[in-house]
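Note sheet for the following structure.
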Protein chains: 2
Amino acid sequence: MWKVSTQQRRERERAQRHDLIVKTARKLAESEGWDAVTTRRLADEIEYSQPVLYSHFAGKDAIVAAVALEGFTELAVRLRAATRTGEPRAALEELARAYMAFAEENPALYDAMFTMAVDLPFGQDDTPEPLRDGFQALLSGVAQFAGGRDPGILTEVAWSALHGLIVLSRGGRLPASGREARLALLLDQLSATR
Amino acid sequence: MWKVSTQQRRERERAQRHDLIVKTARKLAESEGWDAVTTRRLADEIEYSQPVLYSHFAGKDAIVAAVALEGFTELAVRLRAATRTGEPRAALEELARAYMAFAEENPALYDAMFTMAVDLPFGQDDTPEPLRDGFQALLSGVAQFAGGRDPGILTEVAWSALHGLIVLSRGGRLPASGREARLALLLDQLSATR
DNA sequence: TCATCTGTCTAGCGATGCTAGAATGTGGAA
DNA sequence: TTCCACATTCTAGCATCGCTAGACAGATGA
């Protein structure tokens, strides 16, 4: 009944608006916090009415999840870019710093990825590619210090420690002053092969 | 104008109701999650009307903070009780296990303490006693492995790692299967003096 | 017995996520 | 060009949230 070309244009426009919603939600969250990201406010920003959001996403949580997914892709890229150094200890440090820098530069995004959205499949078969890729990048930097131990487990512990530092620092649970000292100590711990 | 005894009775009753609110909020959060802890629901449970809550607390956040404070006290007691073993490595393990057990047995409480409530003073001079005490308990178990390093920093890193493991496991970010392996590896890392 | 004052409740405000049904506008057929 | 059909978008509203003003009730001391 409808021309094929018309249908394609519509799908293209829908995809663009889908992206616009995600980008706007992210920008808004980053500049004013996730509390400011209400469906009304978001609808205003994209210059459409509220129900339009629900023709793209099942609900607000799905929008947050979409933002988080975008974050995983960027984090993976960033970690990949930080795994090119030669010397092991320096490589590990660069990797850790890349992770922490990402979290600091995109606090709202990081929250969406690791504290808010719960409905993303993580350790399972249908885990999105970017998630898997980011973990692999971390693993590549940590693995050489595994010695006889399981590199996967070591990576999980390293990741947990980094995440813990980030999230406790952000909430004011850890003083901002000791930042560098803590990172240095963690890197020492991790890079001690045995 | 008012009898002293009357006034005392009233203050006693107020204190009891204050406790009732905190206990009820905690129980409700633990059994149905913090989303179920609405002011209306909470008022229903304590068999008073909503405004009564606001005569005790500035708002819902203050109630959560009160629950969190109770949690800090309990955690401190628990950690203190786990610092009595002789052999250092065993003492450290017992301490770590006590911390993780507390988080697992009281997930909602742990969330209130470390993820939700933001208005509790942490690393400052007016930090509540239980917070300081819990940190000291952790420190007492970790310090002997510090070697030449700053025991405070080491404790902060150890705490971060534990917290990271807990919070990532809970969100499904880490598979439940490797739990013991991750803890063992972390303890190895921490107990390696250098 | 009465007046007063404290404590409690009813009712309501603005804002939230979400949705049903009306209105709009676009595309193809006559 | 006119008209109909259908997809798309919007207006308006629901239930619920945290929070509060003002009415109501009950206890207290004179």
Side-chain angles (χ1 to χ4, degrees), chain A residues 1-22 24-26 28-29 32-68 108 112 116-119, chain B residues 1-22 24-26 28-29 32-68 108 112 116-119:
Chain A
M1 186 168 212
W2 298 85
K3 268 200 200 160
V4 175
S5 66
T6 301
Q7 212 166 359
Q8 285 178 336
R9 174 179 55 79
R10 291 209 168 152
E11 280 169 19
R12 206 171 49 236
E13 287 171 353
R14 266 195 78 79
Q16 281 177 2
R17 202 171 55 181
H18 181 103
D19 271 16
L20 177 64
I21 294 172
V22 177
T24 307
R26 173 176 173 177
L28 200 50
E32 305 185 31
W34 278 108
D35 282 351
V37 185
T38 69
T39 56
R40 281 174 180 80
R41 178 75 188 279
L42 190 50
D44 270 3
E45 299 278 341
I46 65 170
E47 297 183 313
Y48 281 95
S49 65
Q50 273 181 291
V52 167
L53 300 175
Y54 294 88
S55 76
H56 285 271
F57 299 93
K60 195 190 167 183
D61 286 355
I63 299 178
V64 177
V67 173
M116 307 176 59
V118 200
D119 39 1
Chain B
M1 188 170 211
W2 298 85
K3 266 198 200 160
V4 175
S5 67
T6 302
Q7 213 166 1
Q8 285 180 335
R9 176 180 52 81
R10 292 209 168 151
E11 280 168 19
R12 208 171 49 235
E13 287 171 352
R14 266 195 76 80
Q16 282 177 2
R17 201 170 56 178
H18 180 103
D19 272 16
L20 176 63
I21 293 173
V22 177
T24 307
R26 173 176 175 178
L28 199 50
E32 305 186 31
W34 279 109
D35 282 350
V37 185
T38 69
T39 55
R40 282 173 180 81
R41 178 75 188 278
L42 190 50
D44 269 4
E45 299 279 341
I46 65 170
E47 295 182 314
Y48 281 96
S49 66
Q50 273 181 292
V52 168
L53 300 175
Y54 294 89
S55 76
H56 286 272
F57 300 92
K60 195 191 167 183
D61 287 356
I63 299 178
V64 177
V67 173
M116 307 176 60
V118 202
D119 40 0

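A heavy-atom distance below 4.5 Å is not found between the side chains of A/L28 and A/W34. You'll find the side chain of B/R26 stays beyond 4.5 Å of the side chain of B/V22, heavy atoms only.
Counting to the nearest Å, the C1' atom of C/dG27 and the CD atom of A/E13 are 14 Å from each other. For the pair B/E47 CD and C/dT8 C1', the computed distance is 15 Å after rounding to whole Å. A/Y48 has its OH atom 14 Å from the C1' atom of C/dT24, to the nearest Å.
Residues satisfying the side chain to side chain contact (heavy atoms under 4.5 Å, CB included) test with B/A25, not counting sequence neighbours, are B/V37, B/L42, B/I63, B/V67. Under the rule for a ring pair (Phe, Tyr, Trp, His ring centres under 6.0 Å), A/Y48 has no partner lying at least two apart in sequence or in another chain. Taking the side chain to side chain donor-acceptor pair (under 3.5 Å) definition, one finds that B/E13 meets it with B/R9, sequence neighbours left out. The side chain to side chain contact (heavy atoms under 4.5 Å, CB included) test applied to B/R14 returns B/R17, B/S55, B/H56, not counting sequence neighbours. Among residues two or more places apart in sequence or in another chain, the side chain to side chain contact (heavy atoms under 4.5 Å, CB included) test is passed with A/L20 by A/T24, A/I46.
Of all the heavy atoms in B/A43 and B/S49, the pair that sits closest is CB-C, 3.7 Å. The minimum heavy-atom distance linking A/A112 with A/A68 is given by the pair O-CB, 3.6 Å. Here the closest non-hydrogen pair linking A/A58 and A/A62 is N-CB, 3.9 Å.
Axis orientation changes by 30° from one end of the helix from C/dT1-D/dA30 to C/dA30-D/dT1 to the other, with each end axis drawn from 5 pairs and the value rounded to 10°.
Here B/R17 lies in heavy-atom contact (under 4.0 Å) with sugar-phosphate atoms only. Residue contacts for A/T38: at a heavy-atom cut-off of 4.0 Å it reaches the sugar-phosphate backbone alone, with no base atom in range.
Taking only side-chain nitrogens and oxygens, B/T39 comes nearer than 4.0 Å to OP1 or OP2 of D/dG18.
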Dump every N/O contact between nucleotides 12-15 of chain D and the protein below 3.5 Å, one line per pair.
residue, atom, partner, partner atom, Å
D/dG13, O6, A/R40, NH2, 3.4

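Against DNA chain D, the stretch residues 52-67 of chain A makes heavy-atom approaches under 4.0 Å through A/V52.
The stretch residues 45-62 of chain B participates, sequence neighbours left out, in these salt bridge (charged side-chain N to carboxylate O under 4.0 Å, His left out) pairs: B/R41-B/E45.
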